[in-house]
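Notes follow the structure.
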Amino acid sequence: MPHVFPEPAREELRPSDPSEARAVQDRLAPRVRTEPLDPGGVRLVAGLDVSYGATELVAAAAVLDAATLEVVAQATVRAAPSFPYVPGLLAFRELPPLLTVLERLDVEPDVYVCDGYGLAHPRRFGLACHLGVLLDRPVLGVAKTAFVGRCAEPGPARGSAADLVDGGEVVGRCLRVQDGVKPVYVSVGHRVDLDSACALVLRLSPRYRICEPIRRADRLSRRELAATPDGKHP
DNA sequence: GCGACAG
DNA sequence: ATCTTGTCGC
């Protein structure tokens with residue numbers, strides 16, 4: 001069983017209120033490390049996503065071979081939300097089930113891709129940073145809409161990008177992964193740098209706006225949710 | 001005070 | 001995130 005990580009302190013995953021949650025982020029944020037990620041060392045990439053039903057959620061992980069983009073492992077977990085959705089505190093809602101899903105994988109991913117932000121966060125500690133610090137493994141975040149910061153409009157061609165700036169610092173990059181298609185927002189989670197993260201996201205997005213690992217995880221979580229009694233909204 | 005606000 | 005109809009394009 002490749003997945004063995006230290007049991008996070010209770011409050012690091014399940015704070016009793018938003019105030020305590022923000023304090024946890026402020027305390028863990030200094031642990032984030034930004035460093036180059038060797039492309040040659042990336043063989044397995046895990047995409048993570050969560051789908052919501054009336055009373056439950058389904059977290060999913062899809063591990064792809066970085067060279068072929070074929071799925072080599074996947075897992076899901078059904079659970080009850082343990083924290084409400086609060087802008088800036090997404091990690092406390094999705095991290096618990098995501099960690100459980102990762103424990104169920106029978107392979108060890110080289111890098112993880114989250115559906116959300118990393119450093120492009122009010123306290124510089126979004127979901128991707130939180131997961132990265134807890135696992136102490138490379139993690140990056142890819143979001144579909146802006147949350148914090150401003151950026152120029154990237155050129156129309158695939159590969160064009162513009163820095164996402166907030167409070168005077170570059171917290172991420174607005175990246176066009178398909179010609180003429182709305183860009184995505186990439187930010188560092190942990191143990192990767194912006195250039196490495198953007199290069200990887202481009203490699204992982206050969207055809208669609210949403211990179212393959214997350215597309216597969218999204219599809220997987222939706223399918224699992226739909227296969228449930230009250231898997232749909234009222 | 002007001003608006004905006006990842007998923 | 002989810003709900004929600006038709007429409008445009010490959």
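Chain letters run A, B, ... following the sequence lines, proteins first, then strands; residues in each count from 1.
- Screening residues 29-48 of chain A for side chain to side chain donor-acceptor pair (under 3.5 Å) gives no qualifying pairs among residues at least two apart or on separate chains.
- Here A:Ser160 pairs with nothing under the side chain to side chain donor-acceptor pair (under 3.5 Å) rule; sequence neighbours left out.
- For DNA chain B, none of the residues of residues 191-201 of chain A falls under the heavy-atom distance limit of 4.0 Å.
- Using modelled atom types, one finds no donor on one side chain facing an acceptor on the other under 3.5 Å when comparing A:Glu94 with A:Tyr85.
- Scanning for side chain to side chain contact (heavy atoms under 4.5 Å, CB included) contacts around A:Glu169 gives A:Arg124, A:Val171, with sequence neighbours left out.
- Of all nucleotides in DNA chain B having an atom under 4.0 Å from a heavy atom of chain A, the first and last in 5' to 3' order are B:dC5 to B:dG7.
- Contact annotation for A:Gly141: no contact, since no heavy-atom pair falls under 4.0 Å across all strands.
- Annotation for A:Ala73 and A:Asp106: closest pair CB-OD1, 3.8 Å, computed over non-hydrogen atoms.
- Counting non-hydrogen atoms of other residues, nucleotides and ligands closer than 6.0 Å to CZ of A:Arg150 gives a total of 12 or fewer.
- Stem analysis of DNA chain C (Watson-Crick or G-U pairs, both distances under 3.5 Å, runs of at least three) returns none.
- Counting only N and O atoms by type, the side chains of A:Arg14 and A:Ser82 include a donor and acceptor under 3.5 Å apart.
- A cation-pi arrangement is absent between A:Arg137 and A:Tyr112, since the terminal nitrogen or guanidinium carbon is not both under 6.0 Å from the aromatic centre and inside a 45° cone about the axis.
- Every residue two or more places apart in sequence or in another chain was checked for a side chain to side chain donor-acceptor pair (under 3.5 Å) with A:Glu70, and none qualifies.
- When each of A:Asp218, A:Asp115, A:Asp49 is checked for a salt bridge (Lys or Arg N to Asp or Glu O under 4.0 Å) with A:Lys144, only A:Asp115 meets the rule.
- For A:Asp65, there are no side chain to side chain donor-acceptor pair (under 3.5 Å) partners at least two apart in sequence or on another chain.
- Residue A:Arg93 places none of its side-chain N or O atoms closer than 4.0 Å to OP1 or OP2 of C:dA1.
- Atom CZ in A:Arg219 sits roughly 19 Å away from atom C1' in C:dA1 (whole-Å rounding).
- Residues from residues 119-130 of chain A that place a heavy atom under 4.0 Å from any atom of DNA chain B, listed by number: A:His121, A:Gly126, A:Leu127.
- Under the side chain to side chain contact (heavy atoms under 4.5 Å, CB included) criterion, A:Val148 pairs with A:Ala120, A:Pro122, A:Asp166, not counting sequence neighbours.
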Query - Canonical and wobble pairing (Watson-Crick, G-U, under 3.5 Å) of DNA chain B, dot-bracket with | - result: .......
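- Between the side chain of A:Asp179 and the backbone N or O of A:Arg158 there is at least one donor-acceptor pair closer than 3.5 Å.
- Among the heavy atoms of the strands lying under 4.0 Å from A:Leu89 is at least one base atom, whether or not backbone atoms are also near.
- Salt-bridge annotation for A:Glu153 and A:Lys182: absent, with no side-chain N of the basic residue lying under 4.0 Å from a carboxylate O of the acidic one.
- Taking the salt bridge (Lys or Arg N to Asp or Glu O under 4.0 Å) definition, one finds that A:Asp195 meets it with A:Arg173, sequence neighbours left out.
- Residue A:Arg207 is classed as having no contact, given no heavy-atom separation below 4.0 Å to the nucleic acid.
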